[in-house]
Amino acid sequence: MSAEKPRPSPQASQVPRRAVLLGLAGVALGACTSSRTATGSASPAAPAGPSVSATPSESSSTALPATAPWQPGPGEIDPDVKLRATQLVEALGAWPAGGQGLAAARERVRALGLDPSLADQAGPLLGTAPQAVLQVVNAQWGGHLTDSASVMVPCRQWTTEGSGGTTVDVRLVRAQPRWNVTALHPAEPAPPAAALSDAAQRVLAEPRIQLPPAAVADVRGGGVHESVLASMLTLAGRYSYAVTVLRSGHPVDVFGTSRPSDHPPGRAFDVWRIDGHEVVDPATPHDLVDGFMRAAAASGSYNVGGPRRLSGGTTPNQFFTDDAHHDHVHVGFRS
């Protein structure tokens with residue numbers, strides 16, 4: 001299914017996880033890990049600089065934090081597809097002492113049975129630091145079709161020279177014995193804006209809104225619409241939630257179509273965890289997710305997707321569902 005409902009077409013219904021605290025030299029980074037994921041806060045303590053590239057730390061000799069490989073939890077659709085995507089991101093963004101550089105990255109990709117040249121598309125995941133570790137925050141569908149898929153993988157990275165992170169749109173096609181990765185599209189956030197709106201500053205400072213590094217950079221870049229920021233703040237009044245993606249790192253078009261997505265223009269955000277409960281987890285109360293979806297619609301969203309299509313709405317097809325939204329809530333705006 002596609003990544004979100006196309007904005008101009010009311011009849012279309014396709015629109016287009018993880019927790020042990022990570023410490024770094026006693027500084028709270030707002031990230032946690034488990035066998036499934038890590039997530040962080042958008043507060044100033046979170047590791048994000050002017051861009052999603054690594055930024056210098058106070059000491060290059062600081063011990064790197066412990067991380068854990070991402071693993072799919074209950075309720076996932078095609079879990080091995082997501083696992084394939086995250087394993088590649090982990091192999092590219094983490095290396096033992098002396099394993100830096102493109103040539104070594106190519107060998108790590110080759111060991112996964114994938115095309116080594118994919119390392120050439122890794123962008124900010126690669127660096128010259130002698131050692132690095134990486135924690136996947138979440139793995140979310142950017143699109144899910146029968147023979148092709150997009151998996152968005154936000155991650156945090158620590159090296160012996162600094163910390164940062166990015167979001168990678170991993171493209172895959174069906175193959176045997178496992179799906180094959182065909183391309184990587186790392187996030188390319190805008191540079192920091194000279195000045196930010198009050199709403200943008202409040203979103204960055206709000207501990208109930210957890211943003212991965214690329215999303216922090218998107219807000220700092222000033223390109224997230226005020227309608228989105230206002231909705232995020234309104235929802236934070238009732239819920240604590242974790243965002244997967246805002247602008248960068250999301251497919252430019254609704255997956256499988258040529259229709260523009262609302263994400264790259266800064267008119268949408270995706271939420272994968274609400275009040276500590278993952279949207280994809282079958283144990284998560286339906287009322288919690290459905291209530292969040294209705295609250296998002298009430299905040300002004302014309303286009304709210306999730307694991308169930310809700311009844312009602314103030315606009316035609318305001319609520320929708322498909323396989324791609326089995327694992328998150330999409331909140332989109334016209335402007």
For Leu246, the option from Asp218, Val203, Val216 that meets side-chain contact (heavy atoms from CB on, under 4.5 Å):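 When side-chain contact (heavy atoms from CB on, under 4.5 Å) is applied between Leu246 and each of Asp218, Val203, Val216, only Asp218 qualifies.
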Verdict with supporting geometry, Thr182 and Leu172, side chain to side chain contact (heavy atoms under 4.5 Å, CB included): CA-CA 5 Å; Thr182 59; Leu172 307 95; 6.0 Å; no
Determine yes or no for a side-chain-to-main-chain donor-acceptor pair under 3.5 angstrom, with [X] supplying the side chain and [Y] the backbone.
X: Gln157; Y: Gly93; value: yes
X: Thr321; Y: Gly306; value: yes
X: Trp70; Y: Gln135; value: no
X: Ser148; Y: Leu145; value: no
X: Arg174; Y: Thr146; value: yes
X: Arg110; Y: Pro116; value: no
X: Gln318; Y: Ser301; value: yes

Side chain to side chain donor-acceptor pair (under 3.5 Å) between Ser240 and Asp275, worked out: CA-CA 5 Å; Ser240 174; Asp275 287 348; 5.1 Å; no
Taking atom types as modelled, is there a side-chain donor on [X] or [Y] under 3.5 Å from an acceptor on the other?
X: Glu226; Y: Ser197; result: yes
X: Thr244; Y: Asn138; result: yes
X: Asp253; Y: Ser261; result: no
X: Gln201; Y: Arg220; result: no
X: Gln140; Y: Asp270; result: yes
X: Asn317; Y: Arg309; result: yes

Pair Asp262 + Arg334, salt bridge at N-O below 4.0 Å: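 No, this pair does not count.
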[X] side, atom [atom1]; [Y] side, atom [atom2] - distance, nearest 0.5 Å:
X: Glu188; Y: Thr166; atom1: CD; atom2: OG1; value: 9.0 Å
X: Ile209; Y: Leu235; atom1: CD1; atom2: CG; value: 8.0 Å
X: His328; Y: Ile274; atom1: NE2; atom2: CD1; value: 11.0 Å

With Ser299 via side-chain hydrogen bond (donor to acceptor under 3.5 Å, both in side chains) - residues at least two apart: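 With neighbours one apart ignored, the set is Ser231.
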Stepwise side chain to side chain contact (heavy atoms under 4.5 Å, CB included) test for Val109 and Asp115: CA-CA 7 Å; Val109 175; Asp115 183 351; 5.8 Å; no
Is the shortest side-chain heavy-atom distance between [X] and [Y] below 4.5 Å?
X: Met232; Y: Leu211; value: yes
X: His185; Y: Val252; value: no
X: Val289; Y: Arg308; value: yes
X: His326; Y: Val280; value: yes
X: Leu288; Y: His277; value: yes
X: Phe333; Y: His225; value: no
X: Thr234; Y: Tyr239; value: no
X: Arg247; Y: Pro264; value: no

Using every non-hydrogen atom in the two residues, find where [X] and [Y] come nearest and quote the distance to one decimal.
X: Val81; Y: Ala149; result: CG1-CB, 4.3 Å
X: Ala139; Y: Asp327; result: O-OD2, 3.9 Å
X: Leu310; Y: Met293; result: CD1-CB, 3.7 Å
X: Leu125; Y: Trp95; result: O-CZ3, 3.5 Å
X: Arg108; Y: Leu126; result: NH2-CD2, 4.5 Å
X: Asp169; Y: Gly249; result: CB-O, 3.5 Å

From CA spacing to verdict: side chain to side chain contact (heavy atoms under 4.5 Å, CB included), Trp141, Met152: CA-CA 6 Å; Trp141 295 118; Met152 295 181 293; over 6 Å; no
Atom CG of Asp147 with >12 non-hydrogen neighbours under 6.0 angstrom: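 Yes, enclosed.
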Face-on cation placement of Arg171 at Phe255 ring, 6.0 Å and 45° thresholds: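 No, cation not above the ring by the 6.0 Å, 45° rule.
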Co-membership, hydrophobic cluster, residues Val245 and Val89, 4.5 Å side-chain: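 Not linked; separate clusters.
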Step-by-step side chain to side chain contact (heavy atoms under 4.5 Å, CB included) determination, Thr67 to Glu90: CA-CA 10 Å; Thr67 60; Glu90 290 165 346; over 6 Å; no
Geometric class of the Phe292/Tyr241 ring pair [parallel <30°, tilted 30-60°, perpendicular >60°]: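 Perpendicular: the ring planes of Tyr241 and Phe292 meet at over 60°.
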Check against salt bridge (charged side-chain N to carboxylate O under 4.0 Å, His left out), Arg106 and Asp120: CA-CA 8 Å; Arg106 287 172 175 165; Asp120 299 47; 2.8 Å; yes
